[in-house]
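One structure coming up, written as structure tokens, with questions to follow.
Whatever order the structure lists ligands and atoms in, that order sets their numbers, starting from 1.
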Amino acid sequence: MAILLFFIGHWYLSLFVQTFFLHRYAAHQMFTMNKFWEKFFYTLTFLFQGSSFLSPYAYGVMHRLHHAYADTENDPHSPKYSKNLFDMMWKTKIIYNDILNHRIKLDPKYTRNVPYWAFIEKIGDNWFSRIAWGTAYSLFYIQFATHWWEFLLLPIHYLMGPVHGAIINWAAHKFGYVNFQVNDTAKNFLPFDFLMFGESYHNNHHKYGGRANFGFKWFELDPAYPIILLLNAIHVIKLKRNNDLNYM
Ligand SMILES: [Zn+2]
Ligand SMILES: [Zn+2]
């Protein structure tokens, strides 16, 4: 029971910062927030993603490249140009590191207003921190696991951020249904997205890249959207009015 709760908790907390902060804020700027809240969510990203911390800066830039070049040779992660899932994940990691270490020259539109906080970038993206988080997850399992097979879940904890990314970047560009005609292979992977916090409505999202609600049809409930509305109502964030537009 403790393991199940820990797994579900880690899955959804990590997913929340990914969809809310990395995807909808850092990459797409669907809403604004002041520097205090930006640092607050930067810190939550480090705490919730832990061993698999993804830099909001590198994620934001890489994701803009994905939208600009979806399913072309320049797409940072296209199943069309990858031999298999792991090949795609490996290529993504290389491009991610190139962006993070400023090894590729980019048009300013890909980096404009993408948040960057050197302090968390430094403590989040280093092996000491990653191993410490991984050790903490492992100790929790050693303490609370009741069956040997529960340990098979540990690698998902270690790689939670990239696992969430890969599910959408692979599955939602291969399987699912289409609401809108788009110039790439983006699909709505799940009709009712209880697993990926709305990220599954990827065809809708590729059509309207700046729209904070990823659901369109009545059954396409986006669990992140009510949270966004609440944070907007209590003035933590400010939703952009014309949010059907993309960032570019
Ligand atoms: Zn996509
Ligand atoms: Zn996007």
Side-chain angles (χ1 to χ4, degrees), residues 14-32 41 45 54-82 85 87-89 91-93 95-96 99 106-107 109-115 161-191 193 195-216 220 222-225 227-228 237 239-240 242-248:
S14 174
L15 192 55
F16 171 72
V17 289
Q18 185 154 345
T19 188
F20 171 79
F21 191 63
L22 274 60
H23 189 192
R24 303 189 206 209
Y25 177 70
H28 289 290
Q29 320 259 292
M30 295 165 181
F31 41 83
T32 54
F41 288 112
T45 302
L54 293 172
S55 150
Y57 174 78
Y59 181 103
V61 173
M62 187 172 74
H63 188 71
R64 289 180 181 187
L65 291 169
H66 169 61
H67 276 270
Y69 296 107
D71 291 314
T72 70
E73 260 174 297
N74 295 323
D75 186 345
H77 40 71
S78 172
K80 248 173 103 173
Y81 289 89
S82 310
L85 174 65
D87 178 47
M88 184 188 80
M89 287 176 81
K91 281 187 200 156
T92 310
K93 178 184 141 40
I95 296 168
Y96 170 91
I99 295 168
L106 291 160
D107 187 292
K109 70 184 176 190
Y110 296 116
T111 54
R112 191 173 298 132
N113 293 331
V114 180
V163 164
H164 288 148
I167 290 173
I168 296 306
N169 298 335
W170 182 264
H173 274 267
K174 272 179 107 67
F175 314 109
Y177 64 97
V178 165
N179 281 344
F180 300 104
Q181 206 63 45
V182 286
N183 296 327
D184 52 62
T185 60
K187 296 181 176 56
N188 290 341
F189 176 49
L190 293 172
D193 187 6
L195 270 185
M196 296 302 298
F197 244 109
E199 289 283 320
S200 287
Y201 309 131
H202 204 56
N203 171 256
N204 300 349
H205 172 60
H206 266 253
K207 178 71 180 177
Y208 296 105
R211 191 176 187 269
N213 182 0
F214 287 2
F216 267 86
E220 292 171 349
D222 174 356
Y225 189 55
I227 302 173
I228 290 171
I237 61 169
L239 260 173
K240 286 189 182 166
N242 199 0
N243 62 0
D244 273 1
L245 295 172
N246 209 333
Y247 62 92
M248 289 201 291

Next item on the list: May I ask you to list the protein N, O or S atoms found at less than 2.8 Å from the Zn ion (ligand 1)?
Entry: His66 NE2, His173 NE2, His202 NE2, His206 NE2
Item checked: Presence of salt bridge, Arg211 and Asp222, under 4.0 angstrom -> no
Next item on the list: Scan side-chain atoms only and decide if His28 and His63 contain a donor-acceptor pair under the 3.5 Å cut-off.
Entry: yes
Next item on the list: Please confirm whether the backbone N or O of Ser82 pairs with a side-chain atom of Asp87, one donor and one acceptor, at under 3.5 Å?
Entry: no
Check: Where the Zn ion (ligand 2) is the corner point, what angle links NE2 of His63 with NE2 of His28, to 10°?
Finding: 100°
Check: What distance do Met62 atom CE and Lys93 atom NZ have between them, rounded to the nearest 0.5 Å?
Finding: 11.5 Å
Checklist line | Nearest-0.5 Å distance that lies between atom CZ in Phe189 and atom NE2 in His173 | finding: 12.5 Å
Check: Got a sec, which residues hit side-chain contact (heavy atoms from CB on, under 4.5 Å) with Asp107, two or more places apart in sequence or on another chain?
Finding: Lys109, Tyr110
